[in-house]
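Nothing fancy with the numbering, it's 1 onward along the sequence. A quick note: this is a predicted structure, and the numbers were derived from the prediction, not measured. What's counted below: heavy atoms across the whole structure, side chains too, no hydrogens, waters or symmetry copies.
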Amino acid sequence: MDVDTRLLRYFAAVAEAGSLTRAAELLFVSQPALTKQVKQLEALLGVQLFTRSRTGMALTEPGRALAARVPELLASWDEALRETRSSASREARVLRVGFLASAANEATQQIVAAFGRLRPGWRVDMRQASWSNPTAGLADGDVDVALLRLPFPGQEALRVAVLLTEPRWVALPSTHPLAAREELAFHDLRDEPFVAAPEETGWWRDHWLAVEERGGHPVRIGAVTDQPDAWLSAIANGYGVALAPESSARFYARPGVTYRPVTGVGPSRVGVAWAPADDTNPVVQDFVRCCRDHTPGTG
């Protein structure tokens with residue numbers, strides 16, 4: 001019998017969380033989709049893995065037997081997959097670098113150029129990810145290293161070096177009455193509709209909605225987008241406002257969108273991240289060194 005590793009990952013998440021709701025948040029999937037996958041695994045195995053109640057999901061005896069084995073099995077598979085992909089990259093002399101939005105801002109080109117000087121013959125393959133993939137493929141082994149916005153889900157399982165910090169600003173429709181101000185307080189934005197990342201991104205979405213700074217004040221969602229172009233269009237068309245790094249005013253300038261500084265919210269940080277298994281990978285560590293050496297404020 002062949003079982004999709006995705007089903008085992010979903011099972012493991014529910015087993016650890018003890019709740020479909022919490023597991024769905026950790027996996028960035030909807031609860032109905034997760035329920036369907038758990039039932040599919042139970043059907044394949046021909047056993048009941050959980051007992052369901054209002055208080056959560058409890059493992060049955062067969063479920064506990066499977067839960068004891070799955071983490072080691074998945075870890076071995078992940079390591080094999082990562083090593084296979086890394087081996088292919090080394091053979092082709094290509095370093096796969098995942099990134100979100102503007103990567104490391106203006107320092108990105110300097111980092112890539114410095115790596116090229118340090119590793120002649122190697123090529124950097126920059127791979128932009130959608131906002132629904134906050135690790136830009138690093139968690140799945142699709143890339144070797146990533147330039148990411150902190151904090152991000154799964155950060156505790158990776159190595160991260162902070163490269164730069166910048167304020168969070170707000171992007172507004174240029175016709176919005178608040179766009180005429182030079183600076184805004186977040187308190188003045190709490191009742192505005194916001195353009196948000198997909199719901200399944202969990203607390204990544206919450207960070208960019210400044211949920212912690214709202215003091216329990218509810219969030220209004222005006223639109224949901226997953227890519228910069230759609231995000232800009234939603235703002236320009238008046239569907240909502242959005243928090244963004246200060247650098248967005250430079251990298252994502254667009255007619256109809258105005259950026260303003262915001263007080264009352266914490267900053268955004270950019271970091272370079274890699275898997276613990278690559279602590280001894282000389283190519284990955286060379287890239288990390290280039291990031292540290294060519295980003296203002298690090299070294």
Take R254 and S233 through the test side chain to side chain donor-acceptor pair (under 3.5 Å) and record every step on the way to the result. CA-CA 9 Å; R254 174 172 172 162; S233 293; 3.2 Å; yes
Check step by step if side chain to side chain donor-acceptor pair (under 3.5 Å) holds for Q31 and T21. CA-CA 6 Å; Q31 186 171 327; T21 301; 2.8 Å; yes
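Residue A197 comes nearest to R205 through the heavy atom pair O-NH1, 2.7 Å, listed as atom of the first residue, atom of the second, then distance.
Residue-environment remark: CD (Q285) exceeds the threshold of 12 foreign heavy atoms within 6.0 Å. Residue-environment remark: CD (E212) stays at or below the threshold of 12 foreign heavy atoms within 6.0 Å. In the displayed structure, E183 atom CD is contacted under 6.0 Å by more than 12 heavy atoms of other residues, nucleotides or ligands. At most 12 heavy atoms of other shown residues, nucleotides or ligands fall within 6.0 angstrom of atom NE2 in H187.
Within the structure, every pair that satisfies the ring pair (Phe, Tyr, Trp, His ring centres under 6.0 Å) test and touches residues 255-289, not counting sequence neighbours, is listed here: F115-F287.
Of the N and O atoms on the side chains of S130 and Q227, not one donor lies less than 3.5 Å from an acceptor on the other residue. Between the side chains of S247 and E166, at least one donor N or O lies within less than 3.5 Å of an accepting N or O.
R117 meets the side-chain contact (heavy atoms from CB on, under 4.5 Å) test with A113, A114, H294; sequence neighbours excluded. Applying the side-chain hydrogen bond (donor to acceptor under 3.5 Å, both in side chains) criterion to T258, with sequence neighbours excluded, gives S174. A search for ring-ring contact (aromatic ring centres under 6.0 Å, His included) contacts involving F50 returns F11, not counting sequence neighbours. In this structure, E16 has no salt bridge (charged side-chain N to carboxylate O under 4.0 Å, His left out) partners at least two apart in sequence or on a different chain. Among residues two or more places apart in sequence or in another chain, the ring-ring contact (aromatic ring centres under 6.0 Å, His included) test is passed with Y10 by none.
Distance alone, capped at 3.5 Å, is enough to place a donor-acceptor pair between the N281 side chain and the V283 backbone. For the pair E42 (side chain) and L49 (backbone), a donor-acceptor distance under 3.5 Å is present.
With contacts defined as side-chain heavy-atom distances shorter than 4.5 Å, the pair L138/D140 does not qualify.
When the side chains of ILVMFWY residues are joined at heavy-atom separations under 4.5 Å, either directly or via intervening members, L172 and Y239 end up in two distinct hydrophobic clusters.
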